[in-house]
Amino acid sequence: MANTVVVDPNQQTRANSITANVTGADITGLIVKETYGAPFNPFTVTSVWVPTGPTSGAASVGDVHSDRIVASVSVSGNASASLAWHYSATFLSPLNSVELDGTAAGIYFDRAHSTASTPGSGPGADISFSPDLFNSSGLDDIVVTYSDAVRLKGSLTRNDLYAKLLIDFSALQPFGGLEPQDFMFTQPTDRNVAPEPMSLLLILVGLAFSVCAYTCLRSYNILK
């Protein structure tokens, strides 16, 4: 079985020049928002992607008083490679959703499509997950939404690139979300070679959430 894919065409993002040459280090500025706790006591953590090596990077939430990482989405090497995206967390609560927002960073998700590709983009494919997911019998209940269609300067939208990706696990049973676990997924990824100036406000807001998240969550006793 496969997950359900939804496309939201109501908003567009403009790009200047696209390349499919993207590593984990190139994803800098991507905003990652994770929601936990469904169906009771939901909470959200937000983090901003930073390089962790020459070709690697991650968006992580950690304890400001130690080196402990409590939630992370990371890529090492080619971001479009099979199972290149890694999610890990130590939360006891089910994972309700993960949102990847590349609008400010010029990071775009290249999905399957039947028309000609946006010039410069790579071969597209819809997201796929590692085969060892718990709740795998309900894989078709995972809803993936691509939004913010990318329009290359001087051309029409080709409906293959999207700046936002939302992975919704809330329909999975019996937990109303994904049972706590690490997993990997594949998502072809492109980037804007000459992006518009990144929104400093968005980055600072994301970092602020990252810094305070562990302290806030610890007070609710929802960490392992």
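The first residue of the sequence shown is numbered 1, and numbering continues consecutively from there.
The side-chain contact (heavy atoms from CB on, under 4.5 Å) test applied to Ser72 returns Ala58, Ser60, Ile69, Ser74, Ser88, not counting sequence neighbours. In terms of the side-chain contact (heavy atoms from CB on, under 4.5 Å) criterion, residue partners of Asp8 (sequence neighbours excluded) are, by chain and number, Asn10, Thr145, Ser147. For Gln12, the side chain to side chain donor-acceptor pair (under 3.5 Å) test picks out Thr157, with sequence neighbours left out. In this view, Thr19 and Asn21, Arg191, Val193 satisfy the side-chain contact (heavy atoms from CB on, under 4.5 Å) rule, not counting sequence neighbours. Under the salt bridge (Lys or Arg N to Asp or Glu O under 4.0 Å) criterion, Arg158 pairs with no residue at all, not counting sequence neighbours. Asp26 is linked by a side chain to side chain donor-acceptor pair (under 3.5 Å) to Thr23, counting only residues two or more places apart in sequence or in another chain. In this view, Thr103 and Asp101, Asp148 satisfy the side chain to side chain donor-acceptor pair (under 3.5 Å) rule, not counting sequence neighbours. Every residue two or more places apart in sequence or in another chain was checked for a salt bridge (Lys or Arg N to Asp or Glu O under 4.0 Å) with Asp168, and none qualifies. The side-chain contact (heavy atoms from CB on, under 4.5 Å) test applied to Ala59 returns Val32, Ser47, Trp49, not counting sequence neighbours. By the side chain to side chain donor-acceptor pair (under 3.5 Å) test, Ser130 is found to be paired with Asp132, residues two or more places apart in sequence or in another chain being considered.
Rounded to the nearest 0.5 Å, atoms CG (Leu152) and CG (Asp160) are 10.0 Å apart. Note: Trp85 CH2 to Ser80 OG = 9.0 Å, rounded to the nearest 0.5 Å. Tyr87 contributes atom OH, which lies 12.0 Å from atom CZ of Phe129 (distance to the nearest 0.5 angstrom). Taking CG of Leu161 as the start and CZ of Arg151 as the end, the distance is 14.0 Å to the nearest 0.5 Å.
Applying the salt bridge (Lys or Arg N to Asp or Glu O under 4.0 Å) rule to pairs touching residues 109-130 yields Arg111-Asp126, sequence neighbours excluded. Identified under the salt bridge (Lys or Arg N to Asp or Glu O under 4.0 Å) test for residues 44-57, with sequence neighbours left out: none.
When the side chains of ILVMFWY residues are joined at heavy-atom separations under 4.5 Å, either directly or via intervening members, Val5 and Leu178 end up in a single hydrophobic cluster.
Side-chain contact between Ile107 and Thr189 is present, with at least one heavy-atom pair separated by less than 4.5 Å. Side-chain contact between Thr44 and Lys33: present, with at least one pair of heavy atoms (C-beta onward) separated by less than 4.5 Å. Here the side chains of Leu165 and Val144 are in contact, with some heavy-atom distance below 4.5 Å.
The minimum heavy-atom distance between Ala125 and Gln187, with the atom names listed, is O-NE2, 3.4 Å.
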